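What you see is a predicted model, and the numbers here were worked out from it, not measured in a lab. Both ligands and their constituent atoms are indexed starting at 1 by order of listing. What's counted below: heavy atoms across the whole structure, side chains too, no hydrogens, waters or symmetry copies. The first residue of the sequence shown is numbered 1, and numbering continues consecutively from there.
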Amino acid sequence: MKLFIETLGCAMNSRDSEHMIAELTEKEGYEVVADFRDADLILINTCSVREKPVSKLFSELGVFNKRKKPDAKIGVCGCTASHLGEEIIKRAPYVNFVLGARNVSKISEIIHKDRAVEIDINYDESEFAFNDFRTSPYKAFINISIGCDKSCTYCIVPKTRGDEVSIPDGLIINEAKKAVDAGAKEVFLLGQNVNNYGRRFSGEHEKVNFSELLRRLSKIEGLERIRFTSPHPFHMDDEFIEEFAKNPKICKSMHMPLQSGSTKVLKDMKRGYTKEWFLNRVEKLRTECPEVSISTDIIVAFPGESDEDFLDSLDVMRQVRFNQIFSFKYSARPETEAEHFTNTVDEEVASHRLTALQTLHTEILDEINATSLGKIYRVYFEDLVQDFYVSGRSDDNIVIKVKGSDELLGEFRDVKITSIGRTILTGEVVA
Ligand code: 5AD
Ligand code: SF4
């Protein structure tokens with residue numbers, strides 16, 4: 001039996017897809033194929049964070065239905081499955097089942113049912129032992145929590161992934177050890193709010209916070225790099241920043257989702273921090289760890305965002321000089337508080353702000369990148385890319401490629417930068 005799976009959205013969804021592939025290949029004998037027309041089972045692992053991908057889903061489902069093998073089943077999984085549920089089968093009656101983002105562990109049961117909908121957001125799979133499957137042998141994605149306890153007014157995720165539950169640290173450490181034994185030198189910890197780790201476990205568990213989890217993981221022999229996403233600026237206490245800075249196994253790249261630089265907008269978003277707190281945390285981080293690179297998420301044109309509020313976002317951009325930004329126009333989402341806010345920003349103003357923000361960031365990035373020429377970075381190689389190049393990441397998360405072949409994969413090398421592009425630097429191995 002052949003399985004085709006399309007994954008949209010965040011790293012969490014990618015890991016959920018890996019879990020579903022593991023269950024289906026180990027328990028049900030499936031084999032993954034690259035073309036949906038060859039598949040007996042087609043899965044779409046959806047994202048609902050903004051409106052666009054949701055509307056695309058139905059046109060895509062139509063295409064799958066038209067061109068698939070006659071008996072092939074179609075399943076819709078992930079965040080849009082959680083929030084639309086039954087509605088998906090009403091709008092696309094050929095869909096065989098709908099499986100929510102918090103019900104991934106039921107994949108091998110639901111494929112045998114017809115028109116089934118499993119979208120219980122209170123379902124607790126924090127201790128479910130999934131089978132093994134990893135897309136990359138070099139880097140292991142590991143979930144450390146499920147769900148999200150925040151109530152950001154723009155965000156649908158708490159409605160699609162439910163309350164936050166931490167995965168017991170013993171299970172996380174076991175996963176990491178297994179991955180390292182299989183050859184991975186890097187682990188990438190995943191959660192909606194990783195530095196809130198340990199707030200709630202589903203059973204009795206000793207008190208272990210995120211800093212302690214990092215300390216425990218870093219004792220694993222053969223594990224050389226630890227990355228994680230996403231931390232929340234509100235929970236960036238001194239203990240966390242100091243552990244980040246002094247633990248040599250933790251990669252020096254921090255994602256700090258700003259969302260807005262205006263304290264007023266942050267309050268309307270219910271982010272729990274001010275512009276000043278955010279800048280204070282950046283300062284603390286840069287003092288403890290001068291080499292850190294910082295990335296962020298920013299939303300423009302949140303309801304009520306004035307020109308002045310937007311200037312605050314630009315101001316934070318100028319002060320922090322982020323190494324990478326992910327920027328979005330606000331998109332109203334069902335079942336969120338902000339959906340009911342009436343002071344919406346004009347679409348044209350929103351587009352203008354997004355362009356202004358991105359233009360400023362491009363200027364900053366060009367200046368940052370120009371300083372990289374001739375510098376030497378320690379690169380962990382992970383992918384073969386076009387024209388006989390191999391690419392990997394520096395400790396501070398810059399994508400770097402060199403001429404080479406698969407003998408570099410899974411290896412660390414010192415690389416001197418010889419030319420600069422916006423998303424990738426090119427260099428040569430010097431040691
Ligand atoms: N509109 C626009 N962007 C959003 N994000 C989350 N919800 C929305 C929304 N309703 C962005 C945030 C988040 C990233 C994953 O997506 O910036 O950090
Ligand atoms: Fe990930 Fe959020 Fe999209 Fe769900 S809605 S896939 S949690 S980005």
Side-chain angles (χ1 to χ4, degrees), residues 7-16 45-56 78-80 82-84 101 141 145-161 164 188 190-196 228-236 253-262 265-266 268-273 275 278 281 294-305 309-310 312-314 316-317 320 322 324-347 349-351 353-355 357-358 361:
T7 307
L8 309 165
C10 63
M12 208 84 173
N13 253 22
S14 303
R15 183 63 185 142
D16 288 345
N45 197 5
T46 57
C47 172
S48 56
V49 79
R50 280 169 292 277
E51 196 185 351
K52 241 193 211 154
V54 178
S55 39
K56 244 180 67 187
C79 287
T80 306
S82 301
H83 105 88
L84 289 183
F141 287 96
S145 59
I146 58 176
C148 178
D149 269 358
K150 296 280 172 209
S151 42
C152 303
T153 55
Y154 53 80
C155 190
I156 197 172
V157 176
K159 294 285 182 313
T160 66
R161 289 188 178 265
E164 189 174 315
F188 205 129
L190 301 175
Q192 292 303 329
N193 194 352
V194 288
N195 51 341
N196 197 30
F228 51 80
T229 205
S230 284
H232 194 297
F234 174 78
H235 297 289
M236 291 197 173
S253 114
M254 184 79 90
H255 190 59
M256 292 182 71
L258 170 67
Q259 310 303 1
S260 168
S262 151
V265 174
L266 287 169
D268 293 344
M269 290 176 162
K270 293 208 175 140
R271 289 289 290 167
Y273 55 87
K275 176 184 184 185
F278 188 91
R281 295 295 83 189
I294 304 178
S295 56
T296 198
D297 292 345
I298 300 182
I299 298 174
V300 300
F302 184 76
E305 185 188 73
D309 293 322
F310 176 63
D312 271 326
S313 293
L314 294 183
V316 175
M317 280 267 287
V320 178
F322 295 105
Q324 193 179 17
I325 67 162
F326 301 91
S327 49
F328 315 99
K329 260 192 247 178
Y330 169 71
S331 161
R333 306 305 297 123
E335 294 182 71
T336 60
E337 234 184 291
E339 182 200 8
H340 308 291
F341 293 178
T342 49
N343 47 354
T344 51
V345 176
D346 193 70
E347 174 60 29
V349 174
S351 299
R353 286 183 189 165
L354 189 65
T355 308
L357 187 82
Q358 291 174 342
H361 184 251

Student check: side-chain heavy atoms of Met317 and Ile325 closer than 4.5 Å = yes

Check each heavy atom of Ile299 against ligand 1 and say whether those closer than 4.0 Å belong to the side chain, the backbone, both or neither.
-> side chain

Test item: Cys79 and Arg161 side chains (from C-beta on) under 4.5 Å apart, heavy atoms | yes

Contact partition for Gln259 relative to ligand 1, non-hydrogen atoms under 4.0 Å = side chain

Keeping the roles fixed (side chain from Thr296, backbone from Leu258), state whether a donor-acceptor pair exists under 3.5 Å.
-> yes

Under-4.0 Å heavy-atom contact with ligand 1, by part of Phe328 that carries it = side chain

Show which atoms of ligand 1 fall inside a sub-4.0 Å distance from at least one heavy-atom site of Arg50.
-> 1 (N), 2 (C), 3 (N), 4 (C), 5 (N), 11 (C), 16 (O)

Can you name the closest pair of heavy atoms from Arg333 and Ser48 and give their distance?
-> NE-O, 2.9 Å

Per-atom filter on ligand 1: closer than 4.0 angstrom to a heavy atom of Tyr330 are 1 (N), 2 (C)

Polar contact flag, side-chain donor to acceptor under 3.5 angstrom, Gln358-Ser327 | yes

Side-chain contact test, heavy atoms from C-beta onward, threshold under 4.5 Å: evaluate it for Cys152 versus Met269 and give yes or no.
-> no

Arg333 N/O under 3.5 Å from ligand 1 N/O | no

Determine whether the side chain, the backbone, both or neither of Ser331 has a heavy atom under 4.0 Å from any heavy atom of ligand 1.
-> both

